[in-house]
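The structure appears right after this line, and notes come after that.
In what follows, every chain begins at residue 1, and chains take the letters A, B, ... in the order their sequences are listed.
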There are 2 protein chains.
Amino acid sequence: MICINFQDSRPIYEQIVDGYKHLILAGVLEQDERMPSVRNLAVELSTNPNTVQKAFMELEREGFIYSVRGRGNFVNSSGQLLEKKREELVDDISKLLIEAEELSLDSEQLLRDALQKSKVGCCDSDVGGKMQ
Amino acid sequence: MICINFQDSRPIYEQIVDGYKHLILAGVLEQDERMPSVRNLAVELSTNPNTVQKAFMELEREGFIYSVRGRGNFVNSSGQLLEKKREELVDDISKLLIEAEELSLDSEQLLRDALQKSKVGCCDSDVGGKMQ
DNA sequence: TATCTGTACTATAGAACATAGTACGGTTAG
DNA sequence: CTAACCGTACTATGTTCTATAGTACAGATA
């Protein structure tokens with residue numbers, strides 16, 4: 001379902017958190033669906049149960065899952081989560097725009113460039129794009 | 001010139017790097033202007049010379065300053081740096097937009113919201129803004 | 001009852017971060 | 001030349017975060 005990059009500088013538990021956030025927000029996991037058990041997921045990802053537990057605690061703290069002692073961890077409803085995620089994205093972009101303003105850069109032109117790059121970056125067309 | 005938040009989870013050397021990046025890009029420090037010495041800045045920021053040195057090494061690695069043994073560290077020309085920074089901003093925003101696309105969110109509406117929020121966030125007007 | 005589940009500990013090891021101290025070589029003002 | 005500054009390169013120490021390992025306990029369920 002998700003995969004871990006052990007070469008990544010980001011901690012394993014954080015990769016697990018982000019992986020499941022994405023799965024839940026994207027609707028791959030449905031409401032009240034059961035998460036893998038701490039021990040099973042640890043085996044599957046070749047990591048330690050404690051690391052998985054730490055990730056699940058963080059997911060619960062942020063409202064993505066809820067846990068029932070003795071039964072397992074379950075997915076929360078994604079509706080509110082998606083709205084929350086949208087607000088985070090707006091917030092992140094506006095922070096970057098404020099940074100741009102401080103450097104006297106044209107925010108609107110910046111957004112046009114970013115929008116085009118995001119559309120080019122998704123596919124592999126090279127319409128006006130530069131090779132990286 | 002810059003200030004350090006010791007409560008911040010970010011490492012001190014990273015805060016120094018970011019602080020000087022901002023000063024250089026904003027043109028507060030001019031080309032070939034001399035940076036504070038490693039030892040003096042350490043005293044000024046109530047930190048250790050080694051921590052400042054680590055920050056300066058990073059700034060040099062990223063092309064913001066150059067060092068002359070026995071004389072000091074000096075600011076590089078900001079023109080190319082500003083263009084590089086602009087590309088980074090475009091890249092950061094486009095990554096967020098790709099994330100939004102994956103969640104079937106309306107990118108253009110997202111950008112309009114972010115643009116408005118960035119303009120509201122700069123000043124303290126409350127035109128359509130929510131109290132945090 | 002046996003086996004699964006989450007949860008809570010302790011202990012250990014490694015990496016990153018920060019501090020402290022020392023040392024060496026280049027630059028510059030006196 | 002000398003003294004005082006500069007960058008640079010080490011070693012050593014302590015703290016925190018991350019990850020692993022092992023143990024233990026309580027709830028749920030077949």
Between A/Lys119 and B/Glu101, is any pair of side-chain heavy atoms under 4.5 Å apart?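 A side-chain contact exists here, since the closest heavy-atom pair is under 4.5 Å.
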
B/Gln15 side chain to B/Arg10 backbone, donor-acceptor under 3.5 Å: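 Yes; judged by distance alone, with no hydrogens or angles, the pair exists.
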
Between [N] and [X], is there an OP1 or OP2 to side-chain N/O distance shorter than 4.0 Å?
X       : N      : answer
A/Asn73 : C/dT5  : no
B/Asn40 : D/dC5  : no
A/Thr51 : D/dA19 : no
B/Ser67 : D/dG7  : no

What is the distance from [atom1] of [X] to [atom2] of [N], rounded to the nearest Å?
X       : N      : atom1 : atom2 : answer
B/Met57 : C/dC17 : CE    : P     : 13 Å
B/Phe56 : D/dA9  : CZ    : C1'   : 17 Å
A/Leu41 : C/dC4  : CG    : P     : 17 Å
A/Glu58 : D/dA19 : CD    : P     : 13 Å
A/Lys54 : C/dG6  : NZ    : C1'   : 18 Å
A/Gln53 : C/dC9  : CD    : C1'   : 10 Å

Are A/Leu110 and B/Leu81 connected into the same hydrophobic cluster when the rule is that any two of I, L, V, M, F, W, Y join if their side-chain heavy atoms are below 4.5 Å apart?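 In one cluster with B/Leu81: A/Leu110, yes.
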
Tell me whether B/Met1 is reachable from B/Tyr13 by hopping between hydrophobic residues (I, L, V, M, F, W, Y) whose side-chain heavy atoms are closer than 4.5 Å.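 B/Tyr13 does not cluster with B/Met1.
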
Do the charged groups of B/Arg61 and B/Glu58 touch, with an N to O distance under 4.0 Å?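 Counted as a salt bridge, because a side-chain N and a carboxylate O are separated by less than 4.0 Å.
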
Do A/Glu62 and A/Lys21 meet the salt-bridge criterion of a basic N to acidic O distance under 4.0 Å?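 Yes, charged N to carboxylate O under 4.0 Å.
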
Please identify which of these residues, A/Asp32, A/Asn76, A/Asn73, meets the side-chain hydrogen bond (donor to acceptor under 3.5 Å, both in side chains) condition with A/Tyr66.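 The passing option is A/Asp32.
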
Could you identify which residues of residues 3-20 of chain B place a heavy atom less than 4.0 Å from some atom of DNA chain D, listed by residue number, or say none?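 Within this stretch, nothing sits under 4.0 Å of the strand.
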
Footprint string (nucleotides 20-30 of chain C, 5' to 3'): B base within contact, S backbone only, - free, heavy atoms under 4.0 Å: BB-B-BBSS--

Where do B/Ser118 and A/Ser94 come nearest, in terms of heavy atoms and distance?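 Smallest heavy-atom distance, with atoms named: CB-O, 3.6 Å.
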
Nearest non-hydrogen partners of A/Leu45 and A/Phe6, listed with the distance: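 Shortest heavy-atom contact: O-CZ, 3.4 Å.
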
